[in-house]
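The structure under discussion appears below in the form of structure tokens.
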2 protein chains.
Amino acid sequence: MSHLGYPCVMPVDRDHVLRSAAALLTRKSTATMDEVARAAGISRATLHRHFAGRDALVRALESLGIAECEAALDAARPDEGPAADAVRRLILAVEPSAALLAFLYTENQLFEGEQQHAGWTRIDDRIATLFRRGQASGEFRIDLTPAWLTEALYGLLASGAWAVLEGRVAPKDFTFMITELLLGGALRRTNQ
Amino acid sequence: MSHLGYPCVMPVDRDHVLRSAAALLTRKSTATMDEVARAAGISRATLHRHFAGRDALVRALESLGIAECEAALDAARPDEGPAADAVRRLILAVEPSAALLAFLYTENQLFEGEQQHAGWTRIDDRIATLFRRGQASGEFRIDLTPAWLTEALYGLLASGAWAVLEGRVAPKDFTFMITELLLGGALRRTNQ
DNA sequence: CGCCGGTGAGACAAAGATGTCTCATCTGGG
DNA sequence: CCCAGATGAGACATCTTTGTCTCACCGGCG
């Protein structure tokens, strides 16, 4: 049994590997294990020592995305204050994870038969609950279902992440664009 | 040289094949040529006789998507009347193509090096022009760029298509949900 | 100094997808 | 009736990716 100290050559930083993989797979969702390994600066053999296979890697990314979403939800305090402000805090908190979420969001579309990770259900519920609270308080319109608002939030986060990646939107405008469109829409307000 | 009449056994309906492929690939973007062929009710050999390879098939789907987008834009008359009404007509006209567009939208993310089809640029321009017209007329707010509104429209169409496919949103609500969220946002209007 | 744990490089077979080919079959038209 | 044209089924080689394995290397630790 080891003594929990640092190994000799330079241990693989599991978190760094996951983040490199997320960054690459967001741009090229069909990247091979070899490309993922190169992107992380390690060999394919080492990558395979830490993640049994491509499935295991994707599942690890999914767990990371779920954890970051939960953390963002916790940080956003969705039960405090006006619901609109809570949505703003949520989008701000989730921005660093947007690219990873964009990858997972599209990747999940092909989990046809298999049941999706239970963590997503919980996150969906927490976000939908926030929108429902805003409807109950009279802040949000009631003719758009919480489920759709939740789905739309995911879609806008993905669109925003890709638009930033391709240079069509400035990174600094990311949060503003998503927040304002989701809450206020494109129409000009006649009064506030 | 043939006489342009119908062949003998039962000619392959190219349009039907493309639509079957679009429906399948929207749900499972990694489907194999064999799965695509089965979904269309033809053999892999025949599929390969009509589309040289997977690339050719995807490019044909891209052309179909572009053609349908152009047709939807023409039908929506984006230069007539209030810009908001034109956006409503556009979303209504593009609804039948939403699933195909959702597939192409995510697929295009991995056209990293290669230049994307010029047709998309033209469509992007036409949509952005519509939003710009709405801003100039005072209908739309000017703090959301036309490029972002265009991107958001794609994202909402994709989210809506998936939400319908997975049963999270009723098909009949598709147009309403997207139109209202894009134009009006989630916040309740204090007055109209 | 020598051992031990972790890594990189590369070989290797297995699995899956693709592209091509052949052959039998079927049907409408001459 | 017979043929031309198009399809379906299947065999086949090829390519890519994957998963596993071996071997050499390196650096801290005893």
Side-chain angles (χ1 to χ4, degrees), chain A residues 1-22 24-62 103 106-107 109-114, chain B residues 1-22 24-62 103 106-107 109-114:
Chain A
M1 48 195 68
S2 67
H3 40 75
L4 296 175
Y6 280 99
C8 309
V9 189
M10 169 62 91
V12 164
D13 181 352
R14 179 187 166 96
D15 193 69
H16 169 256
V17 173
L18 282 177
R19 298 197 178 280
S20 302
L24 174 60
L25 289 172
T26 299
R27 292 179 318 220
K28 187 170 188 288
S29 60
T30 60
T32 67
M33 293 291 277
D34 193 74
E35 291 173 301
V36 171
R38 285 177 194 282
I42 62 176
S43 72
R44 195 167 69 93
T46 301
L47 176 62
H48 209 274
R49 283 185 190 105
H50 287 263
F51 303 98
R54 189 190 178 76
D55 289 349
L57 175 64
V58 172
R59 249 176 280 141
L61 283 172
E62 196 174 24
F103 163 68
T106 58
E107 191 77 1
Q109 301 308 325
L110 52 83
F111 288 172
E112 218 178 335
E114 332 167 27
Chain B
M1 50 195 66
S2 67
H3 39 77
L4 297 176
Y6 280 100
C8 308
V9 190
M10 169 62 91
V12 163
D13 181 352
R14 180 188 165 94
D15 192 70
H16 169 255
V17 173
L18 282 176
R19 298 197 179 280
S20 302
L24 174 61
L25 289 172
T26 299
R27 294 180 316 224
K28 187 171 190 286
S29 61
T30 60
T32 67
M33 293 292 276
D34 193 76
E35 291 173 301
V36 171
R38 287 177 194 281
I42 62 176
S43 72
R44 195 167 68 94
T46 301
L47 176 61
H48 207 274
R49 283 187 190 103
H50 287 263
F51 303 97
R54 188 192 178 77
D55 290 347
L57 176 63
V58 172
R59 250 177 277 141
L61 283 172
E62 195 173 26
F103 163 67
T106 58
E107 192 78 358
Q109 300 309 325
L110 51 84
F111 287 174
E112 217 178 335
E114 330 166 29

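In the text below, chain A, chain B and the rest are named by the order of the sequence lines, each starting its count at 1.
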Does [X] place a side-chain N or O at less than 4.0 Å from the phosphate oxygens OP1/OP2 of [N]?
X: B:Thr46; N: D:dG8; result: yes
X: B:Arg54; N: C:dT18; result: yes
X: A:His50; N: C:dG6; result: no

Quick one: pull up [atom1] in [X] and [atom2] in [Y] and give me the separation to the nearest 0.5 Å.
X: A:Thr46; Y: A:His48; atom1: OG1; atom2: NE2; result: 11.5 Å
X: A:Arg49; Y: A:Ser43; atom1: CZ; atom2: OG; result: 6.0 Å
X: A:Arg19; Y: A:Asp13; atom1: CZ; atom2: CG; result: 9.5 Å

- Task: Report the nucleotide, chosen from D:dT18, D:dG8, C:dA9, that has the shortest atom-to-atom distance to any side-chain atom of A:Ser43.
- Result: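 The answer is C:dA9, which lies nearest to the side chain.
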- In terms of side-chain heavy atoms of B:His48, which of D:dT18, C:dG8, C:dG19 is nearest?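 My answer, after comparing the listed nucleotides, is C:dG19.
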In whole Å, what is the span from the [atom1] atom of [X] to the [atom2] atom of [N]?
X: A:Leu57; N: D:dT17; atom1: CG; atom2: P; result: 16 Å
X: A:Asp55; N: D:dT17; atom1: CG; atom2: P; result: 16 Å
X: B:Leu47; N: D:dG10; atom1: CG; atom2: C1'; result: 16 Å
X: A:Asp34; N: D:dT20; atom1: CG; atom2: C1'; result: 15 Å
X: B:Arg38; N: C:dT18; atom1: CZ; atom2: P; result: 13 Å
X: A:Met33; N: C:dG16; atom1: CE; atom2: C1'; result: 16 Å
X: A:Ile42; N: C:dG8; atom1: CD1; atom2: C1'; result: 11 Å

- Above 12 or not: heavy atoms from other molecules or residues under 6.0 Å from CZ of B:Arg38?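 No, the 6.0 Å shell around CZ holds no more than 12 heavy atoms from other groups.
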- Can you find a pair of side-chain heavy atoms, one from B:Leu61 and one from B:Glu107, that are under 4.5 Å apart?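 Answer no - side chains too far apart.
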- Item | Pair of N/O donor and acceptor under 3.5 Å linking D:dG8 base with B:Arg49 side chain |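 Side chain to base: pair present.
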- Task: Determine whether any donor atom in the side chain of B:Arg44 lies under 3.5 Å from an acceptor atom in the base of C:dG19, or the reverse, and answer yes or no.
- Result: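 Yes, a donor-acceptor pair under 3.5 Å.
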- Task: Take A:Ala52 and A:Glu35, find for each the nucleotide of DNA chain D with the closest heavy atom, and name the residue whose nucleotide sits nearer the 5' end.
- Result: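 Nearest nucleotide further toward 5': that of A:Glu35.
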